[in-house]
Number of protein chains: 2
Amino acid sequence: MVTIADVARHAGVSSSTVSYVLSGKRSISEETRRRVQISVRELGYHPHAGARALAARRSHVVALMVPLRTDVYVPVMMEIAISVTMAARQHGYDVLLITNDEGPAGVKRIAASGLADGVILMDVELDDERIPVLRAQGTQATLIGLAEDGRGLSCVDHDFAAAGAVCADHLADLGHREIAFIGYGSGVYHRHAGYAERTLTGFRDRAEQRGLRFLHRSCEGTYESTAGTLSRVLADRPGTTGFVVQNEGAIGPLLTLLRMSGRTVPEDASVIALCQDQLAEQFAPRLTAVTGSAQTLGRVAVEQVMRRLAAAGGGDRPADERVLLTPALTIRDSTGPAPRQP
Amino acid sequence: MVTIADVARHAGVSSSTVSYVLSGKRSISEETRRRVQISVRELGYHPHAGARALAARRSHVVALMVPLRTDVYVPVMMEIAISVTMAARQHGYDVLLITNDEGPAGVKRIAASGLADGVILMDVELDDERIPVLRAQGTQATLIGLAEDGRGLSCVDHDFAAAGAVCADHLADLGHREIAFIGYGSGVYHRHAGYAERTLTGFRDRAEQRGLRFLHRSCEGTYESTAGTLSRVLADRPGTTGFVVQNEGAIGPLLTLLRMSGRTVPEDASVIALCQDQLAEQFAPRLTAVTGSAQTLGRVAVEQVMRRLAAAGGGDRPADERVLLTPALTIRDSTGPAPRQP
DNA sequence: TTGTAGGCGTTATCAC
DNA sequence: GTGATAACGCCTACAA
């Protein structure tokens, strides 16, 4: 292994000079800097991470704790993980992946061992057990999601309520009066700690403001479940012309079922989905959708931890940020003006 | 921060004793061990990762390098990442997430800095630039996927050829004679370094052995693309009764299109998919599918690196393992006997 | 069975 | 602008 001493010898300077060239923490003559940089490159020197963490009391690692569940929004999770990793690299940080099943003890382990300087928590519950641990350890952290008590933490999430509201607005603008909201299976509403509820609430509130009649129905996302849901909707509210689909598993079935029931999209029924653009593009017709950027979510989370780390490193008290990302409506071919005769 | 010295003082022993209790590298009297363990727990001691890595020259971290592409099999990637993380934990290891865009330099960085002891590479190309770097650094590594030159490495992958063969066999057993293989867009065949080709080859070989007529058609996975593909298939080979779908994006559209063309599945046409069980269960009818376990893939990869690390640590030359996981056929409702009259 | 001490590679404080 | 040098916390011969 090539050490800082090797570089120093090669460049004809002391190892502290090499260290300072690399960290930029004191001014170095142009000449020396160049010599050192050349030596670094020639020898292929990379500082030993452990030694650095030990001496500087900073690991330059953030931990990302991901949920185990591979049900609802897996592709999004991966996208977040990747954007977190790339954003972290831009700050000179690496990302350690931790799974949720380690629970509070895992957070404690990571923090106490100095493995990571900061933590990003996904799939946060309203009253999350890991949060007190974070506080006790004095570890800088950001939540992706919203917790009840966010003191001492930053957090970022999609503005799901806004997403729901946008759906209501879009359909109302098109003249629809009776809407069905196809949600997740009932279990998800509890588990996801508000993720699903917030969307529904946002939709509901706006729908009421706009004078829409609407129905919310749980749906497991299978074909059978969607078929059952749709037939109940049409039985209860035959005049329904607008569908908001939250459960991405139900999208395909719903489109098929509408077609089979003789309804054309968007002439007879409009469908708006809460899903990623990539998915929305795959259907026929291409779906109007409301989407939040998973990439931005990850990036913002990293920037929040970095700011906290910088503040804490400078002796300041980090600010508790709380960011909600506004989702975007992309109008495609699955929504249109409400039909004259329902 | 609580250090090993704190624990030693609290337990009334020397710090080396604490170290040995924790590592189990020498025999300790029952009495001492208990005292130390109690102190560890009471003080909430976790060894400082950096210090440990520095002294023991082992970071107890493996790096997992994931592809950036969020197109083909994202959910699978996440599943692998999670199973890698959990398997690693069982060996006392943590997982560092690295993105593919860092390329060979990233591998070098991780290895040279001692950040990770071993590396797991995903999305490997046949002639991958990262492999020589791994060799040069003497870093223990496992590939998820197959490379041309695997010397000095272990690797594990699904047996995609077997998966293709199983599809051919299943349809042949049911009496189908004309099969269409709905593949990925042409780009994927090159990019995925054999992943897609191997499936196709396996299918093709077995299909020939079994005397099947078949057609391979690329398909982008959108509705339009699938529609085009299907109509060409039916034009060229109206007698086609069996469909093998490799591109999971094409599954939904294909089912819809078959239905629209008046074909009932599985009475008039059988469909077998190469996709995860979870996805296969979502369609109507539930799909017969050939699946490999992403979880196993991750676990095996970890075990391979661990074995290599153990060997290298013991001064032995690690064995270059090469494992192909046999996929499983799950027969559901989308395949049945070939119709008498095509 | 246990303790002592040297060293792992960096950073950062002091001195010049 | 640059060099010594003392930590940082742990592991592991070497002693006892």
Side-chain angles (χ1 to χ4, degrees), chain A residues 1-37 39-40 43-61 92 109 111-115 117 313-315, chain B residues 1-37 39-40 43-61 92 109-117 313-315:
Chain A
M1 132 163 258
V2 31
T3 73
I4 201 173
D6 298 327
V7 177
R9 206 171 309 123
H10 187 272
V13 296
S14 77
S15 59
S16 59
T17 298
V18 176
S19 176
Y20 284 116
V21 167
L22 261 32
S23 71
K25 287 189 181 173
R26 79 178 178 193
S27 49
I28 301 281
S29 75
E30 195 43 44
E31 160 66 7
T32 312
R33 179 201 315 290
R34 271 206 318 101
R35 279 224 313 285
V36 169
Q37 283 169 340
S39 300
V40 164
L43 300 182
Y45 169 71
H46 287 270
H48 186 281
R52 189 157 75 127
L54 183 56
R57 339 201 62 159
R58 281 234 163 171
S59 64
H60 290 262
V61 167
R109 181 176 73 82
S113 67
L115 242 182
D117 300 331
Chain B
M1 133 161 257
V2 32
T3 74
I4 201 174
D6 297 328
V7 177
R9 207 170 310 123
H10 187 272
V13 297
S14 78
S15 59
S16 66
T17 299
V18 176
S19 176
Y20 283 118
V21 167
L22 260 32
S23 71
K25 286 190 180 171
R26 80 177 179 194
S27 50
I28 300 281
S29 76
E30 194 44 42
E31 160 66 5
T32 312
R33 180 201 312 292
R34 271 206 318 102
R35 279 224 313 285
V36 169
Q37 283 169 338
S39 298
V40 164
L43 300 182
Y45 170 70
H46 288 269
H48 187 279
R52 187 159 75 131
L54 182 56
R57 338 198 92 234
R58 281 231 162 173
S59 64
H60 290 264
V61 167
R109 181 176 72 83
I110 297 303
S113 66
L115 241 182
D117 300 330

Using five base pairs at each end to define the local axes, how bent is the helix from dT1(C)-dA16(D) to dC16(C)-dG1(D), to the nearest 10°?
30°

What one should report as the nearest heavy-atom pair of Gly50(B) and Ala53(A) is CA-CB, 4.4 Å

Test log, rule side-chain contact (heavy atoms from CB on, under 4.5 Å), inputs Asp117(A) and Val61(A)
CA-CA 6 Å; Asp117(A) 300 331; Val61(A) 167; 5.9 Å; no

If you round to the nearest 0.5 Å, how far is OG of Ser29(A) from CZ of Arg33(A)?
8.0 Å

Which value, rounded to the nearest 0.5 Å, describes the distance between Leu54(B) atom CG and Arg52(B) atom CZ?
12.5 Å

Identify which nucleotide among dG9(D), dC11(D), dG1(D) has an atom closest to any side-chain atom of Ala56(B), counting heavy atoms from C-beta outward.
dC11(D)

Run through Arg34(B), His10(B), Arg9(B) and flag the one making a side chain to side chain donor-acceptor pair (under 3.5 Å) with Ser39(B).
His10(B)

Please identify the 5'-most and 3'-most nucleotides of DNA chain C with any atom under 4.0 angstrom from a heavy atom of chain A.
dG9(C) to dC14(C)

Can you measure His48(A) atom NE2 to dC8(D) atom P for me and round it to whole angstrom units?
19 Å

Will you find, in the side chains of Ser19(A) and Ser16(A), an N or O donor that is under 3.5 Å from an N or O acceptor?
no

Least distance between heavy atoms, Val7(B) atom then Val36(B) atom
CG1-O, 4.3 Å

Would you kindly check whether a donor in the side chain of Arg26(A) faces an acceptor in the base of dT2(D), or vice versa, at under 3.5 angstrom?
yes

Whether Glu31(B) and Arg35(B) form a salt bridge (side-chain N of Lys/Arg under 4.0 Å from carboxylate O of Asp/Glu) is what I want to check.
yes

State which residues pass side-chain contact (heavy atoms from CB on, under 4.5 Å) with Ala112(B); sequence neighbours excluded, sorted by chain then number.
His46(A), Lys108(B), Gln137(B)

Residues which pass side-chain contact (heavy atoms from CB on, under 4.5 Å) with Arg57(A), listed by chain and number, not counting sequence neighbours:
none

For DNA chain D, which residues of residues 16-23 of chain B approach it to below 4.0 angstrom with any heavy atom?
Ser16(B), Ser19(B), Tyr20(B)

Treating Ser113(A) as the side-chain partner and Arg109(A) as the backbone partner, does any N or O pair qualify as donor plus acceptor under 3.5 Å?
yes

Length of the CZ-C1' vector between Arg52(B) and dC8(D), whole Å
17 Å

Please name the pair of heavy atoms, one in Gly114(A) and one in Ser59(A), separated by the smallest distance, quoted to 0.1 Å.
O-CB, 3.3 Å

What residues from residues 1-8 of chain B pass a heavy-atom cutoff of under 4.0 Å to DNA chain C?
none

For Leu22(B) and Tyr45(B) the tightest heavy-atom approach is CD2-CE2, 3.5 Å

Using a 4.0 Å heavy-atom cut-off, does Thr32(A) contact any base of the nucleic acid, only the sugar-phosphate backbone, or nothing at all?
sugar-phosphate

